[in-house]
Amino acid sequence: MARKHRAEEEEATIDMTPMLDVVFIMLIFFIVTTSFVKEAGIEVNKPKAQQATKQKSANIFIAINENGDIWMDKREVDVERVRANLERMLAEQPTDVVILQADVKTKHGDVVEVMDQIKAAGIDRISVAAKDN
């Protein structure tokens with residue numbers, strides 16, 4: 001009778017090691033494949049547009065406030081440093097589109113300077129953020 005009792009105890013154990021291995025592999029997979037959005041760091045009053053559409057695949061945002069201050073990755077940068085910062089961000093996470101968030105009162109020349117720096121960094125698709133009505 002004692003032998004039968006021991007055999008039943010040995011069959012009742014479940015080895016959790018393979019399940020934990022699978023969970024850790026899934027965790028690593030999700031961490032590696034997650035895309036992180038590089039937000040500008042400030043809120044701007046975007047202009048309204050009748051034909052505004054949602055942009056689905058953008059990870060990098062650049063904001064220009066009404067004073068012409070440029071924000072990238074939650075910090076203020078000079079217009080001359082936009083290209084270098086953008087190249088660093090692209091090295092970390094490649095993308096083919098950048099969203100430019102310009103305040104409704106921002107000077108047109110400031111927006112064009114930033115767009116020129118974005119193009120110099122190798123990005124051909126620039127989306128300008130706007131509010132839809």
Side-chain angles (χ1 to χ4, degrees):
M1 205 57 160
R3 286 181 145 185
K4 187 176 182 184
H5 185 61
R6 276 192 209 150
E8 287 177 6
E9 283 181 12
E10 289 176 11
E11 288 179 20
T13 61
I14 297 174
D15 188 16
M16 298 295 286
T17 306
M19 185 180 75
L20 291 173
D21 290 343
V22 169
V23 169
F24 284 126
I25 290 171
M26 288 175 53
L27 178 67
I28 292 169
F29 171 77
F30 287 123
I31 289 172
V32 169
T33 59
T34 301
S35 63
F36 297 99
V37 176
K38 302 283 184 176
E39 293 188 15
I42 60 169
E43 276 294 318
V44 294
N45 186 18
K46 297 177 219 136
K48 292 183 182 179
Q50 294 288 336
Q51 302 299 319
T53 59
K54 296 268 185 198
Q55 183 70 13
K56 294 179 183 171
S57 63
N59 299 332
I60 299 176
F61 292 82
I62 300 173
I64 309 171
N65 66 9
E66 62 186 40
N67 299 328
D69 300 329
I70 303 162
W71 287 78
M72 296 177 67
D73 203 13
K74 296 186 175 83
R75 57 192 171 89
E76 188 176 355
V77 296
D78 292 330
V79 70
E80 296 86 19
R81 303 296 304 155
V82 170
R83 179 179 178 182
N85 281 299
L86 190 55
E87 287 172 346
R88 178 187 52 83
M89 293 165 80
L90 289 171
E92 293 172 5
Q93 187 172 12
T95 186
D96 61 342
V97 65
V98 171
I99 293 187
L100 183 59
Q101 301 171 320
D103 193 275
V104 71
K105 295 180 182 176
T106 302
K107 293 180 184 175
H108 181 71
D110 294 338
V111 175
V112 171
E113 284 183 43
V114 172
M115 290 175 78
D116 190 42
Q117 291 292 315
I118 294 170
K119 288 275 192 177
I123 298 291
D124 292 327
R125 292 181 52 206
I126 302 170
S127 292
V128 178
K131 290 190 281 189
D132 53 348
N133 289 335

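Quick note: residue numbers are just sequence positions, from 1. Since this is a predicted model, take the numbers as computed values, not measurements.
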My understanding is that a hydrophobic cluster links ILVMFWY residues whose side chain heavy atoms are under 4.5 Å apart, including indirect links. Using that, what else belongs to the cluster containing V104?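 Direct or chained contacts put V104 with none.
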
For this session: Could you list who else is in V22's hydrophobic cluster, with ILVMFWY side chains joined at under 4.5 Å, directly or through other members?
Result: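 Taking Ile, Leu, Val, Met, Phe, Trp and Tyr as members, V22 shares its hydrophobic cluster with M26, F29, F30.
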
Atom pair [atom1] ([X]) and [atom2] ([Y]), whose distance is rounded to the nearest 0.5 Å:
X	Y	atom1	atom2	value
I70	D78	CD1	CG	7.5 Å
T106	I64	OG1	CD1	6.0 Å
K119	R125	NZ	CZ	11.0 Å
I62	I99	CD1	CD1	10.5 Å
T95	N59	OG1	CG	5.0 Å
I123	I118	CD1	CD1	8.5 Å

(message) Just to verify, what does E87 make a salt bridge (Lys or Arg N to Asp or Glu O under 4.0 Å) with, not counting sequence neighbours?
(response)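 Counting only residues at least two positions away or on another chain, E87 forms a salt bridge (Lys or Arg N to Asp or Glu O under 4.0 Å) with R83.
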
For residues 16-31, the side chain to side chain donor-acceptor pair (under 3.5 Å) pairs (sequence neighbours left out) are D15-T17

Across all chains, not counting sequence neighbours, the side chain to side chain donor-acceptor pair (under 3.5 Å) partners of N65 are D69

Does the pair Q117 and L86 meet the rule for a side-chain contact (heavy atoms from CB on, under 4.5 Å), with working shown? CA-CA 9 Å; Q117 291 292 315; L86 190 55; over 6 Å; no

>> Less than 4.5 Å apart, side chain to side chain, heavy atoms only: is that true for I31 and L27?
In response: yes

_Give me the atom names and distance for the closest heavy-atom approach of F61 to Q101._
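Minimum heavy-atom contact is CD2-NE2, 3.6 Å.
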
Can I get a per-line list of side-chain donor-acceptor pairs under 3.5 Å for residues 107-115, giving both atom names and the distance, sequence neighbours left out?
none

Are V98 and V128 linked, directly or through other ILVMFWY residues, by side chains that come within less than 4.5 angstrom of each other?
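They do not share one cluster, since no chain of ILVMFWY contacts under 4.5 Å joins V98 to V128.
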
